[in-house]
Amino acid sequence: MTATPVPTAPAPAASGAPAARTHTVRAVRTAGGLSVRVEPRAVAVCLLLLALALATGIVLIGSGDFPMAPGDVVATLLGDGTAVQEFVVLDLRLPRVLVAVLVGAGLAVGGAVFQTLTRNPLGSPDMLGINQGAIVGALGVIVLLHGDATAVAVGGLVGGTLTGAAVYVFAWKRGVHGFRIVLIGIGLAAMLTAVIHYLITKANLVDATRAVVWMTGSLEGRDWTQFWPLLAVSAVLLPLVLAYGRPLRMLEMGDDAAYALGVRVERVRIVLLVSAVLLVASATAAAGPITFVALSAPQLARRLTRSPGPNLGASALMGAAVLLVADWTATNAFGERQLPVGVVTGVVGGCYLLWLLVTERRAGRI
Amino acid sequence: MLVESSSEQSAEPQAAAQPRGRRSVRAAGLLLSLGVLVLVCVASIVVGAKPVPLGDVWHGLFQNSGTGNDILVADVRVPRTLLGLLAGVALGLAGAVMQALTRNPLAEPGLMGVNAGAAAAVVTATSLLGTTSFMGYVWFAFVGAAIVSVLVYVLGGGRSATPVRLALAGTAATAALYGYVNAVQLLDSAALDRLRFWTVGSLAGADADVVAAVAPFVAAGVVLAALVARPLNAMEMGDDTARALGANLTRTRVLAMLAVTLLCGGATAACGPIVFVGLMVPYLVRALTGPDVRWILPYAAVLSPVLLIGSDIVGRVVARPSELQVGIVTALIGGPVFIHLVRRKRMAQL
């Protein structure tokens with residue numbers, strides 16, 4: 001028997017707003033007796049986000065010191081470009097955009113899983129120590145071992161994964177509860193932050209600058225060597241998490257209700273947690289800890305699709321789109337100066353966070 | 001909301017049944033704690049990269065000849081110890097007041113983002129306005145601490161906040177503010193070089209000027225905290241009961257937040273962000289004294305500097321020949337205490 005934590009329990013009837021929103025749900029039935037629920041609005045949102053991500057990606061490939069019209073970019077991607085265009089597009093800019101897509105999708109799906117498991121719109125991996133763990137791992141490599149970019153990425157991956165494991169172990173007490181994951185994560189994050197500051201004071205100024213750049217999260221100079229490992233991880237984990245979307249949605253109703261509906265709660269939770277931690281840690285290893293994508297993308301997706309539950313597919317597309325738009329803003333909106341993408345997501349995310357806190361507070365949900 | 005009700009209900013009748021015995025035990029405990037504090041202060045003057053014999057400590061304090069160990073004692077170790085004392089008192093009291101005010105065992109300046117607010121303001125001052133002196137940026141630290149503490153308190157839900165919600169609001173604010181701090185440091189590597197030592201939380205930069213500058217703020221904060229002890233006691237029983245008992249809720253809240261801001265802003269401006277001291281000490285003290293705020297505050301004020309100066313001594317000793325900054329030591333000690341606190345059974349009811 002496990003007690004449901006009181007604090008995050010929503011008050012569905014009180015707010016009134018959800019009842020006013022009616023969304024149509026269609027069921028598609030096949031001859032064999034199988035049926036799939038289709039929400040037209042969610043499908044439309046997904047298609048829109050996909051189009052947005054594609055358009056931004058093409059614009060992003062076309063912009064830079066060697067500007068190209070969108071038509072040329074598409075032609076080059078289809079194999080009709082000149083040699084120079086092919087070099088610029090295929091060797092320099094395409095891998096960066098693809099890394100952005102995978103990082104955004106991975107962070108968003110990881111965030112959606114964490115937010116659902118902790119039953120809190122603020123319970124994203126950025127807040128729960130995974131990012132800090134990854135930073136400690138990467139900074140350890142930068143400051144103590146003076147490693148190259150690949151070693152730094154491996155350090156980040158190891159650090160993030162170990163922290164995720166530690167959160168789970170410490171939060172375990174006859175089952176893992178959402179609120180305990182949140183608090184343990186925050187405690188570990190505070191400890192790891194101290195270690196991060198220590199490592200920065202130990203570094204010389206060159207290493208310290210490199211460390212701060214890494215800590216901000218940047219897509220600068222990402223190439224195919226970052227893309228392939230990330231693709232391998234994502235190709236395994238994204239479908240796995242998407243396949244667990246149904247039991248994850250059941251878990252939102254509380255452990256007891258999910259049990260009653262036939263969900264093996266602890267197994268589902270550990271599979272999803274491990275996958276989410278690995279997704280977030282590998283995204284962080286590839287691009288540094290880009291904050292607030294994991295926090296905001298699932299919430300934005302949920303509001304756009306207006307459907308309950310974790311919305312994993314829409315979240316993934318939203319994450320990719322958000323990161324691409326943020327990267328375009330970071331490289332083009334500040335004149336000559338190119339900022340790391342993490343600065344943009346940080347500032348935008350900070351504003352979003354304030355708004356979230358105010359509205360959620362008014363609705364009494366957090 | 002169930003708030004620590006079981007412990008309070010079991011503790012209060014006992015205290016009422018044997019008030020005199022309990023009070024003398026508490027007073028004796030406070031005296032004992034003061035003795036420990038004096039010992040730790042002496043140890044802080046003695047221990048370090050160059051150990052100072054006890055006799056020389058006395059000599060350096062009262063017959064400063066301006067040579068050898070006397071300089072070390074008077075100009076380095078004593079200011080450092082005094083700063084540890086001030087910062088310890090400030091952080092411990094701020095944590096205790098905050099916990100009583102929010103009725104929340106996890107309320108802590110560091111976790112609530114107050115330090116990050118001060119850090120963001122200091123970074124702004126150093127980078128944009130070129131402020132380098134302590135007196136220049138102490139005001140910015142106050143403004144940053146004040147804005148963020150009020151913001152997190154309000155966004156976290158005030159007195160209806162649950163620990164999870166308050167901690168998340170604080171963590172989120174911290175993440176956003178440190179994002180800003182990192183961005184500024186990235187664009188201005190001179191600021192990074194100056195600030196990377198400040199953001200870690202250290203007593204090493206202490207000199208007499210810093211101590212003299214921060215002392216009035218901490219003193220004002222201590223007075224305010226002492227003033228709100230009684231009404232806070234009443235408020236522990238709930239807003240309605242407190243009002244019935246004659247406490248002025250709005251005034252108490254404003255004064256308490258002002259005290260927290262003065263204490264945290266002063267400590268953070270002088271030492272940089274130090275986490276977990278304000279969390280650990282009031283929590284441990286509560287186990288000794290029971291829920292009476294009038295006893296929690298003096299105990300916290302005495303035992304917090306013991307922890308802070310003790311951590312500073314440990315930091316000087318373990319990483320020889322260099323030093324481990326005190327903010328790192330307190331975080332490494334405090335993290336496990338925090339995790340233990342979260343794993344307690346009663347947290348589930350909060």
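All heavy atoms count here, side chains included; hydrogens, waters and symmetry mates do not. Letters A, B, ... are given to chains in the order of the sequence lines, protein chains preceding strands, and every chain is numbered from 1.
- Residues A/Leu183 and B/Phe338 approach most closely at O-CE2, 2.9 Å, considering heavy atoms.
- Note that CD1 of B/Ile339 is 5.0 Å distant from CZ of A/Phe170, once rounded to the nearest 0.5 Å.
- Nearest heavy atoms, A/Met191 versus B/Ala331: CG-O, 3.2 Å.
- Of all the listed residues (A/Gly187, A/Gly342, A/Ser124), the one sharing the greatest number of non-hydrogen pairs under 4.5 Å with chain B is A/Gly187.
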